[in-house]
Amino acid sequence: MIAFVDLKAQYLGIKSEIDAAVSGVLESTQFVLGKEVAAFEEEFAAYSGARLGVAVNSGTSALHLALLAAGVGPGDEVITVPFTFVATTAAICYTGARPVFVDIDPKSLTIDTGRIEGAITDRTKAIMPVHLYGQPADMDQVLEIARRHNLAVIEDAAQAHGAEYKGRRVGSMGDLSCFSFYPGKNLGAYGEGGMVVTNDPERARAIRMLRDWGQERKYHHVLKGYNFRMDGIQGAILRVKLRYLEEWTEARRAHARQYERLLADSNLQTPAEMPYARHVYHVYAVRTEERETLQRKLNESGIQTGIHYPIPVHLQEAYSDLGYGRGDFPCSERVADEVLSLPMYAELREADIETVARRMSDITGGNRTS
């Protein structure tokens, strides 16, 4: 079996360091927030090119609190994309605001910046580009539009740790930027975790209070807050793993190059790394109109795959109240019908990639589409 992701292989490679880090938290009894979380906030913010980081209990909480810190609330609108994990949309709804979708670019699979201004109204408060699969959105265009219309920019970087746009790390460009440390992410905790990074001290202060019941200090509740704190054990684990993130990222990028080379003659569309981007390949998603057949035959051959994501948010039953329907975002809908995610993790062996590619070529045949 070739696994879609192998978390145990990663753990075994750094087991002694992880075990020591966890043991240290157990000895300290700083189980919620504490020194390890504070140190991780500093280190990850610096890695992302931002001044400040605020660790929370999930990527979804990071999005939620970033929106609140940007002043988003009932009656406001936030522009984003329908081809994303549902948390992007859910976080907007949590604030009482309305998600307003624009379609994606068919090559980058990130927000089509040429469609943003057409979606802006007098109720628009923010733009939330999603750096999907580890590919940065076209941030110069997003930021220029936001400046002209006095809108906040909140980067959904949940899948893009270490990705770069024209040499700038994602997380360093928006007013606020949000990361997830779900276990399968490029930088994953051993449980849930997330972070907001920003250069704005006042917004960081607000998020620190919001994550901890709105407290400025114990039992002094300045804001109506939440219990969104990061566990100390997760902070310690993530500090260890952050030291390896660049090494793991370069391994992913090498795997992507190998896939690209081996699948060049297959009847598949492989991911495009945009000229402005350093893609970090959280997901390596090919596209094919024969996805169900390909996935079934790969599974029969002992090769695990995934689909990220089979139904765009605007067609999800839970969000039917937004009033969108099939045909409103044709590129998102087409991509959702075609994407198939192949095994991708740093410890993946070259021989396994060769096996996956050879089996895919056997199944699909033909010439590669563009």
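Positions are given from 1, in the same order as the sequence printed here. From a predicted model like this one, the values you see are computed outputs, not experimental measurements.
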Which residue is it: Arg253, Arg252, Lys107? I am looking for the one with a salt bridge (Lys or Arg N to Asp or Glu O under 4.0 Å) to Glu273. Arg253

Quick check: do Leu151 and Thr124 have side-chain heavy atoms less than 4.5 Å from each other? yes

Would you mind checking if [Y] and [X] are paired as a salt bridge, meaning a charged N to carboxylate O distance below 4.0 Å?
X: Glu36; Y: Arg239; value: yes
X: Arg169; Y: Glu246; value: yes
X: Asp212; Y: Arg229; value: yes
X: Arg334; Y: Asp337; value: no

Are more than 12 heavy atoms, taken from residues, nucleotides or ligands other than [X], located less than 6.0 Å from that residue's [atom1] atom?
X: Phe85; atom1: CZ; answer: no
X: Arg148; atom1: CZ; answer: yes
X: Glu300; atom1: CD; answer: yes

For Asp140 and Lys166, run salt bridge (charged side-chain N to carboxylate O under 4.0 Å, His left out): C-alpha distance rounded to whole Å, both residues' side-chain angles, the deciding distance at 0.1 Å, then the answer. CA-CA 9 Å; Asp140 281 353; Lys166 297 183 178 179; 2.8 Å; yes

Derivation and outcome, side-chain contact (heavy atoms from CB on, under 4.5 Å), residues Ser341 and Phe4: CA-CA 8 Å; Ser341 304; Phe4 179 67; 3.7 Å; yes

Please confirm whether Tyr226 and His64 have ring centers closer than 6.0 angstrom. yes

Could you label the plane-to-plane angle of the [X] and [Y] rings as parallel, tilted or perpendicular, counting under 30° as parallel and over 60° as perpendicular?
X: Tyr165; Y: Tyr276; value: tilted
X: His279; Y: Tyr281; value: parallel
X: Phe44; Y: Phe40; value: tilted

Donor + acceptor pair across side chains of Gln295, Thr305 (<3.5 Å): yes

Side chains of residues 320-331: which donor-acceptor partners sit under 3.5 Å, not counting sequence neighbours?
| from | atom 1 | to | atom 2 | distance (Å) |
| --- | --- | --- | --- | --- |
| Ser320 | OG | Glu317 | O | 3.1 |
| Tyr324 | OH | Phe101 | N | 3.1 |
| Asp328 | OD2 | Gly325 | N | 2.7 |

Sequence neighbours left out, what passes side chain to side chain contact (heavy atoms under 4.5 Å, CB included) with Arg208? Give chain and number order. Glu41, Val54, Arg211

